[in-house]
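Residue numbers begin at 1 in each chain, while the letters A, B, ... track the order of the sequences. Quick caveat: nothing in here was measured; it's all calculated off a predicted structure.
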Amino acid sequence: MFNGSDAFYYSSCSSLCERVGPWWDMQSYYNKWTRQILRDVSFYMKSGQIMAILGNSGSGKTTLLDAISGRIGHKGTLLGEVYVNGSQLKKEQFQDCFSYVLQHDNLLPYLTVRETLTYTAMLALQKHSKEAIRKKVDSVMAELSLTHVADTVIGGRIFNGISSGERRRVSIAAQLIQDPKIILLDEPTTGLDSMTANHIVLLLSQLARKDRIVIISIHQPRSELFKIFDRIAIMSCGELIFCGNPQEMISFFDDCGYECPEHSNPFDFFVDLTSVDTRTKEREVETYSRVHAIVGAYRDCEQFQSTLEYIDSSKKSKEQQKIPFKRRETPSEICKLVVLFRRIVRNLSRNKIGIFMRLSQNLVFGLFIVLFLIRLNNDVLKGAVQDRIGVIYQCLGGASYTGLLNAVALFPALRAISDQESKDGLYQKWQMLLAYIIHILPFSILSIVIFGAVMYWTVGLNPEITRFGCFLAAILVPHLMGELLTLAVLGIVNNPTIVNAGVALLTIAGILVGSGVLRSLQEMPQVFQFISYVTYQRYSCELLVVNEFYDLQFTCGGENITNANVQCLFTNGNDFIENSYPGATSRITFDFLMLYAFVPAMIIGCIISFKIRDILVHR
Amino acid sequence: MTNLNLKVTSGQMLAVIGNSGCGRTTLLDIITCKDEGGKIKSGQILINGKLTTKQIVKKSVAHVLQDDQLLPHLTVRETLLFIAKLRLPRSYSEQQRQKRVEDVIAELRLRQCANTRVGNAYTRGVSGGERRRVSIAVQLLWNPGILILDEPTSGLDSFTAHNLVITLSRLARGNRLVLLSIHQPRSDIFQLFDLVLLLSSGATTYSGTAKDMVQYFSSIGYPCPRYSNPADFYVDLTSVNYRTKEEETETLERTGSLAETFREKVKDFDDFLWKVNDGNRELPPGETRANVHTTPLEKGIKIDANEVDELPKGLHQFAVLLNRHVSNDFRDLSTLLIHGIEAVLMALLIGFLYYGQGENQLSIQDTIALLFMKGSLTPFAVVLDVVAKCHSERAMLFHELEDGLYSITPYFFAKVIGELPEHIAFVVFYSVPIYWLANLNPGVDNFFLNFLLMWLVVYCSRSMALWMSALLPTLQISSFMSNAIYTASYLTGGFIIRLDTLWAVPYWISFVSFLRWGFAGLMQVQFIDLTYQVQVGNFSINIPGKQIIQNLESDTYPLYASYLVLIGISAGFLVLYYLSLRFIKQKSSQEW
């Protein structure tokens, strides 16, 4: 049983960059300024304790938590060290040592509480038997008193599920599954009403009593909580004003000459006392010097000296204890993928609107074509060629576009979850992405079949069953590619609205260059002819044209084909194919192979994009 | 909400406290005449002894909402200056306005971030607490007679919250009435309140002065323990606990009896406030307890007619809004860049794809395709951008209109005209490179006619997108519908499907299809005075441009008809946009 003590030592400067001024004022825009956020913060904690970090906004609470958990990243630089059980943590060990519960709950809305926790458990502790995982989940739910909502769905903005306090507890439970010895929470009570907030803090203190270390940053704690915390740290302007237990705190401030009045909340009183009032210059000077005096007093006082001594001694101590890592029997990568896949499918299976949207959007586009065209005819003078080309063009563009809409509407929520959970080290972002891609395949196929079945036969395209099959096969890839392309861009660009516009234009550009419908391929400048080989639209469109026009007979004006006048350039489909896509009939197999090669290639592209995201988001 | 009687005089600060779900927001909504929280079944609200109407409320009540609705790219000071120009009477000079803004900035301790952008979820800006204070500052600017704040301290740190409440109480002293809802007041804040209304599931459990609350509850047998915040204690006491069934019934009973006790105690006072030493009064026999809700707010609040009349009117509002709109757009570098790069890239792509300079002149077929592409791709990019942008501003528009900050007409014109610079730049970036690269008709007239047509077609789609985003409540539905309209217009454009094969319904649709008119016009402008050489075998035939147009039936209507119809269509969309703004509430429900 782990029963050690943990010491954190800091002499920390963490700096942030910011830009000021409008962009056209170049000088001030590029005049970045850096500031030191944490200064000389050192403290230690023993297991079984709960610590609250107090302070006004901008005092460095969250930065301190980020620093402890090693999540400062590119945003700033950190000078300081974290010791656990007397050994200094290395960069890659942070993730395995701390559990960090963020301020926002990122949970899949359609899963029940039990499912959410079970899937997390399966991701973290794959090697355990089903029974063991079930027990673990049950015990964690009992610990956080979630048992009564175990089988309720979590809920989202559109529909109701569990309450916000319960949602927060599910977030905490998801971290507890991994048996962390040190849990950090950023403002766990914000946005909850007072009763729920108290309940959560009480639960956290109970968690701490079971040999864990709990550190929370908290905003406006209520007076009842005063006695609950083992340690209270007050931050102001990036400096640690005081750190110690509640009794010590009161006597410390008493000694400084600031006695807490009897009928007020000591938390509030001390935080107010130590914050700097910037309203007027005089007030600022006055309050700042007060804060400075208190910091000076703390530096001299017993607690601080003993902290330093303690840290020194445990740094020097020869006996090296083990660092208590989270329970992590990392499952194989394939297993993670399977679990993620099951989780996404389960979530989507309850999302009726999402499923309906996925299946019906293509159909809506198809109905549009049907509405305007009703039925194709075979007379060249009445637009036999033009209308067919129009239908092919519309199918190609529409299918990509619906794929784009699906991805933009459904993926960003999952992306937020994968950002968070990959930071916890549960899995890599691309695994979630791959699970998502696998789960859309059947829906895409089904939706294309529904669309094709309605559109193909009402409009009256070539009525051979095999050609219908080919049509579906050739239109499936554009639909998939629309979605995959959007996923790849979503990996790098955050704002879904921008992605929507950007990818829409990208697919149109692809049609322009590749399809040959709008610009004859032979007459394009050389460069674009080369580019057209790397657009899926080229292969898809060629297939669709051959599929539709091969062996098709046209009429011209009346019944008489031989009497063709100048306006009828083509009397049968083969002529048209030879004219616009020379040699296309002999390339069918090649085109199919090329077309389907785009799907795996694009999936690899998506994975690369999410690898880049790893670097971009690393904060 | 049942049986609520309350009288507040000006110069006082009333805090409505209670746990979530107790009816705080509903009460405030009723007082501010917002119809969201349901209707008043019975009961009345009086201001200065007169029944309230929307007009009176608009003139005297400022309501600070819980969520912040601000333009993200303006700095804090700019935000306030624009509001000051709209809100402060015309008699104020420029210096006075600036003075007032600086005062408010100092009062709410915003000086540090005065030159920082406000920001939103996607753009970095001031912190959440600061944004909260900016929202309050916006309302403080115009010195309202009644100031209503919904949860003003949530998200603020204790120090700022305390200072804010001190500020509010100082405001109240200056012959104003401040009403705020708060769910967890700290002890030091609680002491600042004059009056307290403690609600529990819609019923009053206490209303009276803050300092007497402890005494009242002690007198009915619930003393407040030492070292604890009376507000917290009594809110917990009166809140209903839904955790288990037993607790729920138990707490429900307790709050019910507390409310009953309180009603008994105060029914003899004309102002329905509990006062000290009135424990032993004769209670008259029970009255009927109908669902009465009366909140007579009686006070000498100045609803100064003169002052209101002097508020800036139409033209001035328009100028300020226009200025604000342009400043906000112009500061948003990333969006400007994205749109600019998007336009230039697309233009270069199409231009080089149909490269027609020098030897390789475009064939007829390709020229036609190019003209259609040019006339239909550009509008498409605009539709998506405009819908997204309008929806991001929608919530703020709703709030400011509700507030009576400005009226629809100035906003409409400011919006329409404010978008013009961006619009012109966009069309120039898009259509000029294509024209030159593809070597379209070299005549100078033709170039300008072509440009004008492009301008009009894109403007049609822009006004259509504006209309759609004002008409429909969510971003998704709006973008879906504008896409549908665009696609309908696209399919009936005369290129994808031949116009003469269309059956009745799409045939009629094609008359309002802006892409069709644009396409027909572009065709005429391009081909009217050119002769094309076509190689057939060894012969080359000269085909006059007129014949091409005839073949494609693009000349059914004269050229000026295209311009007139396009102007008509965009004007029609703008009228519809105006009507939607006027008659449809711009409530926003965004889901991304």
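- In this structure, the portion of B/Tyr490 lying under 4.5 Å from any heavy atom of chain A is its side chain and not its backbone.
- For B/Phe372, no part lies under 4.5 angstrom from a heavy atom of chain A.
- Note on B/Ile368, B/Leu370, B/Val387, B/Asn483: by heavy-atom pairs under 4.5 Å with chain A, the leading option is B/Asn483.
- For chain A, no part of B/Ile105 is nearby; none of its heavy atoms comes within less than 4.5 Å.
- For a residue to count as touching a neighbouring chain, one of its non-hydrogen atoms must lie under 4.5 Å from one of that chain's; by this rule B/Phe495 touches chain A with backbone and side chain alike.
- The heavy-atom pair separating A/Val513 from A/Met524 by the smallest distance is O-CE, 3.5 Å.
- Of all non-hydrogen atoms in B/Leu74 and B/Arg331, the two that sit nearest each other are CA-CD, 4.5 Å.
- Side-chain rings of A/Phe528 and B/Phe352 stay apart, their centers remaining 6.0 Å or farther from each other.
- Of the atoms belonging to A/Phe368, heavy atoms from both backbone and side chain fall under 4.5 Å from chain B.
- Both the backbone and the side chain of B/Leu353 come within less than 4.5 Å of a heavy atom in chain A.
- In this structure, chain B has no heavy atom under 4.5 Å from any part of A/Val527.
- The parts of A/Leu505 that come within reach of chain B are both its backbone and its side chain, each placing non-hydrogen atoms under 4.5 angstrom from that chain.
- Taking all atoms of both residues into account, the shortest heavy-atom contact from B/Ser513 to B/Thr492 is CB-OG1, 3.3 Å.
- When heavy atoms are compared at a cutoff of 4.5 Å, B/Ile496 approaches chain A by way of both its backbone and its side chain.
- With a 4.5 angstrom heavy-atom cutoff, B/Leu345 does not touch chain A via any of its atoms.
- Only the side chain of B/Ile338 has a heavy atom closer than 4.5 Å to any heavy atom of chain A.
- For A/Gln361, no part sits under 4.5 Å from any heavy atom of chain B, backbone or side chain.
- With a 4.5 Å cut-off on side-chain heavy atoms, A/Arg388 and A/Leu376 count as touching.
- The shortest side-chain heavy-atom distance between A/Val364 and B/Phe480 falls under the 4.5 Å cut-off.
- For a residue to count as touching a neighbouring chain, one of its non-hydrogen atoms must lie under 4.5 Å from one of that chain's; by this rule A/Leu371 touches chain B with backbone and side chain alike.
- Interface check for chain A: of the options B/Ala488, B/Ala369, B/Ser510, the most heavy-atom pairs under 4.5 Å are formed by B/Ala488.
- Only the side chain of A/Tyr393 has a heavy atom closer than 4.5 Å to any heavy atom of chain B.
- Within the 4.5 Å cutoff, no side-chain heavy atoms of B/Ser327 are placed close to those of B/Glu78.
- A/Ser145 has its side chain within reach of A/His199: a pair of non-hydrogen atoms, C-beta onward, lies under 4.5 Å apart.
- With a 4.5 Å cut-off on side-chain heavy atoms, A/Leu146 and A/Val149 count as touching.
- For B/Thr335, no part sits under 4.5 Å from any heavy atom of chain A, backbone or side chain.
- Dense packing is recorded around CD of A/Gln529, with more than 12 heavy atoms of other residues, nucleotides or ligands lying under 6.0 Å away.
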Full working for side-chain contact (heavy atoms from CB on, under 4.5 Å) between A/Met357 and A/Asn406 = CA-CA 8 Å; A/Met357 197 180 99; A/Asn406 285 334; 3.6 Å; yes
